[in-house]
Every structure is written in structure tokens, then in C-alpha cells.
Amino acid sequence: MSIATRLPRPAAIARHLVLLVLAAVTLLPFVWMISTSLKPQAEVFLSEIRWWPEKLHVVENYTAAFAKAPLLRFLLNGAVVTAAIFVLQVAVALPAAYALAKLRFRGRQTVFALVLFCVLIPPQAIAVPLFLLFHQLGILDSYAALIVPFTISVFGIFLMRQFFLGVPDDLVDAARMDGISEVGIVWRVMLPTAIPAVTAFGIFSVVAHWNDYFWPLIVLNSEPLFTPPLGVAAFRNAEAGTDYGPLMAAATVIIAPLVVAFLFAQRRFIEGIAFTGLK
Amino acid sequence: MAQVAVRKIRKSFDRTDVLRGVDLDIAHGEFISLVGPSGCGKSTLLRVIAGLETQTDGDVLIGEQNVNGVRASRRDLAMVFQSYALYPHLSVFDNIAVPLRMRRLNAWQRLPVAGRLVPGVRRIDREIGAEVERVAALLGLADLLGRKPGQLSGGQRQRVAVGRAIVRHPKAFLLDEPLSNLDAKLRVHMRAEIAQLHRRLGATFIYVTHDQAEAMTMSDRIAVMMAGNIVQVGTPDEIYSHPRDIRVAEFIGSPKINILPGRVEAEGRVVVLGLPLDQRVDAAPGTAVRVGIRPEAVRPTSGSEPAWKGSVGYVENLGSEVFVHVEVGGVDEPVLVRLEPSEARAIAVGSPLALLPRPSAASFFDDRGHSLPVRPLAYRQAAHG
């Protein structure tokens, strides 16, 4: 092998340069967040860029973060809300997707067209009517208000329906011959074969609702119900002005579960996005 | 007593008629094949019997009981699918156990952990386990019970699918092209295995295939389907030797039957390409007929008697037999002749060859493709004269 072929060619260098720049743009805020969470207040406002603080303020910042706000409570709220949303989304999406993919009934195409249409509706567009509706129902400022709007995920229905189309009809018929009911087929046959798709959908769902700031901000007033992003934002409104060290420490804490989950499920995550491994 | 019967079954999808009034009686313990080209409705008929498809009109009877509107799972039939349709997330053991669990345990008892606490469940589970193991031993799957379908070869998956069907002793087995996903060698092997299984179980088998060889080798009776109708039902021998329709004659038998143009002359005598045959048909003189002669019923002749004169276009040597394609004037397609290798040794491509049909081996069809009766009396006259 000649040395020439082992050296990167200009195109390869350019490609990596672009990727490095993109990675830097994405990662720098994270790095800055972590870096700031380690600094004392005095070092945060220095005019020079200092990645590693001269005086470590880890313990102070992180204890302050946990002391100033019930961070654990926020994390728990986030876990309860995202888990409930995901479970309910699956409970709705799987039977719906099964019906749309495997059952023949009049109007199936119309229903599916409506599902696709609903994918196009931005959540902001219906926020005000939903708010008014919840006000009428008297469920504003509750877990229900956080969870209910997202229980029917049209994206989830669409994703699972596309996956179910690939499941052979014979498998459904075999289950019918074996005496499994239609509801049983959804949970005992379709769900196990669809685990990769459910995982992919789960990642999208959990990330989206863990990080959601818009809707919780609208419907919540009581601090004990705050989800993590809302909780972090509360630091900015603290009476003593913004304290960036503990704020960034809190931000790091609430992002940590997602990062850890990503590291554990990295392979699945990439599969889910690339839609490989579905077969 | 018919174990399974269908009466005037019609099935339409939108405006397409897939089944056009099918009648069929299947006896207890019989192995019947539904055979026909793709799109003839054979799979749809099987699915209607299974209850997976609802007929537009007509009745399905199982054990003399009308089962119209009875759900597939309540008809007590088992089905083996072309794609095997094993549950990919379950082991071989669990795949075979599913139909028993669904029947003998209720929803609570089937729960993964809590179900085991219900009194009696352990005993039922043990019985199911014993039956699964018995079936696995019968099919040579005993060592594979812990595996997942993804870790099995095509033939093994096929056996698991059969095991799942036989474990609950259904009233009849429905098999939908179960061998068409296997390679040629394994297919021949599994043919013998399924035929053996049928003998051992003594159960009713309804077997759908597009492969006429499978139908011929395994069945007690064959029902040939064309364009949504059953054209002929009979033993493999009847279907092969006495096709009632030219489409049946052309579909059954490999290589394909020779179809030659003929004309009826005085007293029903048929002349084909200038050669009078020894059979006489029940048709008016002057009628044009199509004459079917199997490749093994045509012989080369070296004598000086009247014969079909042609030249050899192509020779297919399969080792155990030789197919000779002979170009004969008056027909577009070459006449196919099946010979023993020893008979074919002297035949070279391009050389002239004279052909004669074997006595009383031809079938006759009118212009609509229906078979014409051969007159027995006339036949005797011909044989003696």
C-alpha cells in the first residue's frame, strides 16, 4: 500500500472539517454549560475565555442548585409526565396503527388521510383552544394538563402503521387461527415484533416531552408540578438576580438523564433514526 | 360423511369475482389438493374455509355444521402458511404451545407471573408441555425447542409450523403452499414427510398449491381450479388421463401435453395432421377438435406406415429421460416426445423423425375446451378393425 492512498485526500479533509465545525457548534454550548457550572460567580463574567476554572466551585454550585429549587422534585415530575405520555401514546397508537395497517373497513383511507393531516398541525396552533378547554374542565395546573394533550400521537400512529405494513399478513392470520383475539394480536403478536419501532418512537417521544418548555409554561402555575426545563428557568427569576453557576449546574443535572439514557441506548437510537434494523 | 364442504361459494373483492360459485365435498381423512395457476382463487377458497375471509355468498360446512359467521378460531381448523408465520419473539416450544394455551387457559391464567398462582394452571402447563414435546419428537424438533424461529433453517421452520398445527388435533388441516419457500431438494423431501404425516394422523388435509407435481404426488383427490371455478375433481390418475377441460390437460403434467388440431370425419373418426387415430368421438363430421396427446404417448417410428413427419428441433437430456422437440408441419409448437435414454441415442438435432401416437391415448376437446366423449363401441371396432 502506498503512502499516498493512506493520506487523507483533500475531499476527505474538507468533509471532516465541515463535520468538526458542525460538532463544535452543537457541542460548545454544552461544554460551556458544564464549564460554567464549575465556576464561581466571579469567573463566569471574565472577559477572557476560560474553559477550566482556576477555582473549582463544583460543590458550591451543585448544592446551591439543589438547595435553591426542588430539583429532584422537578426530575420526578419530568419522569412521571414523560413516562405517562409514552405509555398512553403506545396504548393509543398501537391499536390504531394495527387497524389502519391490517384491518379492512370502510373509510380506512380517509381515516389515514386525517392522521396524516393531523401530523401537519403545529402544537402552538391549538395551544390557546386547548388552554380554554382545560380551563373549562378545571384541569389546568395539574399532571393531567401536562399529559392529556399528548396522549394521541399522530406521528406515533403513522410510524407504527408504516412498520405494521411490513409485518406479514400471514402472521396475523396464524394468530387468528390459534385463537388470539384482535386485541390480543395487537399486544401479544404485533407489539413484540415492533419493539425496534416502539423503541425509536419512545426515544423521540421522551426527548420531546422531557425538553418541552412551551406547554408546561402555559398550563402550570404551581412550582411543585414544574417539569425540569421550567424548573431551570425558575432560577432566572430568582429575586437575587441570575446566578449563573447554580443555574448551569441545574441545567446539567436535568440534561444528565437524557445523556445517560442516550449512551446506554446509543445503538438503538441510531437504528431508530436510520430506520434500519426494523426488519 | 363430508368433513368439510363448501356450497356455491362466491367471493368478490370490489368488482372482481374471485370465486364464482364453488362446490366441493371433502371426506373425513382425505388429502385433497386445490391446484391451479396463480389468481385462480384457490388460496381465497382456503381462506374462506378457514374463516379468515368472509364469502360474499354460499355456505361452508364443517362436520355437517354450517359455520358461516363463525370466527376462524372457533372453527377448530389449523393452518400452515406459505411464510410459516411463526411468532418471531417466541421459542419453538412456545410457538407450538400457543394454540393450546389459548384454548385451555383464560386471559388471567395466561398472565406471565400472576397466572402461575391461579390454582390448576401449573398442571395444565405441564400437560401442554408434555404434548408439545410429543409433537416435537414426532417432527424431529426435540433438540430445537429452545431456539427462536430466526435461528432455524427453512425446513425446520416449516416443521415448527406443522407442529403448531397438529398439536391441537383440529378437525382439518389447511395448508397454503407450505413448500413453495423451500429449495427444490428439500421440497421433494418435505412432500414425502407431509404425505407420511397425513397417513399417520389420518386427518383431513386441504392442500393449496400451484405446483401440479405436489398435487399429483401427495393427494387422494385433486380439485383443479381455473378462474374462480373448480373445473375438475378427481384422483390424480383421472385428472391426468381423462382431463375434462383442455385447461386441466394443459396445466397438469410436466412437460406440457401436446395439443394438435384435428377434424372429425365419418363415424366420429378423428384425423390429426393427416393421420387417422384409432379413437372415435361423439361429434358431427366436419367438427374441428383439439387433440391432447401426452409426450409419453408419442413414439418415433421407422416403419413405412402413415405417420407424422417432422425434424428434430431440440433434445433435452435429463439423464433418466429425454425430451425430444419435433417440428411437425401444420402445428406452431413443436411436438414433445418423452423417451428412454436408450431410445433416444440415435436421435440427432436436425435429423428427420416420424412419429406415431400410442393406441387410444388421446383426449379430445371441442372449440370451447370441453372434453368430447370417446365412443366405446367405435373404439372396439377400431381396435379389432
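Chain A is the first sequence line, chain B the second, and so forth, proteins listed ahead of strands; every chain is numbered from 1.
By the 4.0 Å N-to-carboxylate-O rule, A/E182 lies too far from B/R71 to be salt-bridged with it.
Here CG of A/D170 is found 10.5 Å from CG of B/L86. Values are rounded to the nearest 0.5 Å. The CD1 atom of A/I180 sits 11.0 Å away from the CZ atom of B/R101 when rounded to the nearest 0.5 Å. With rounding to the nearest 0.5 Å, the separation of CG in B/D176 from CG in A/D173 is 9.5 Å. Between atom CD1 of residue A/I195 and atom NE2 of residue B/H89 there is a gap of 9.0 Å, rounded to the nearest 0.5 Å. One finds the CE atom of A/M177 at 10.0 Å from the CZ atom of B/R164 (value rounded to the nearest 0.5 Å).
For chain A, no part of B/R75 is nearby; none of its heavy atoms comes within less than 4.5 Å. Both the backbone and the side chain of A/R188 come within less than 4.5 Å of a heavy atom of chain B. Contacts between B/A50 and chain A at a heavy-atom distance below 4.5 Å involve backbone atoms as well as side-chain atoms. Only the side chain of B/R168 comes within contact range of chain A, with at least one heavy atom under 4.5 Å from a heavy atom of that chain.
Other residues, nucleotides and ligands contribute more than 12 heavy atoms inside 6.0 Å of the CZ atom of A/F105. Under a cut-off of 6.0 angstrom, the local environment of CZ in A/F30 is sparse, with at most 12 non-hydrogen atoms contributed by other residues, nucleotides or ligands. No more than 12 heavy atoms of other residues, nucleotides or ligands shown are found within 6.0 angstrom of CZ on A/F264. The environment of A/Q124 atom CD is dense: over 12 non-hydrogen atoms of other residues, nucleotides or ligands sit within 6.0 angstrom. Within a 6.0 Å sphere centred on CZ of A/R108, other residues, nucleotides and ligands contribute more than 12 heavy atoms. Within a 6.0 Å sphere centred on CD1 of A/I152, heavy atoms belonging to other residues, nucleotides or ligands number 12 at most.
For B/M102 against A/G179, the heavy-atom pair with the smallest separation is CE-O, 3.4 Å.
Residues A/L171 and B/P88 are in side-chain contact: their nearest non-hydrogen atoms beyond the backbone lie under 4.5 Å apart.
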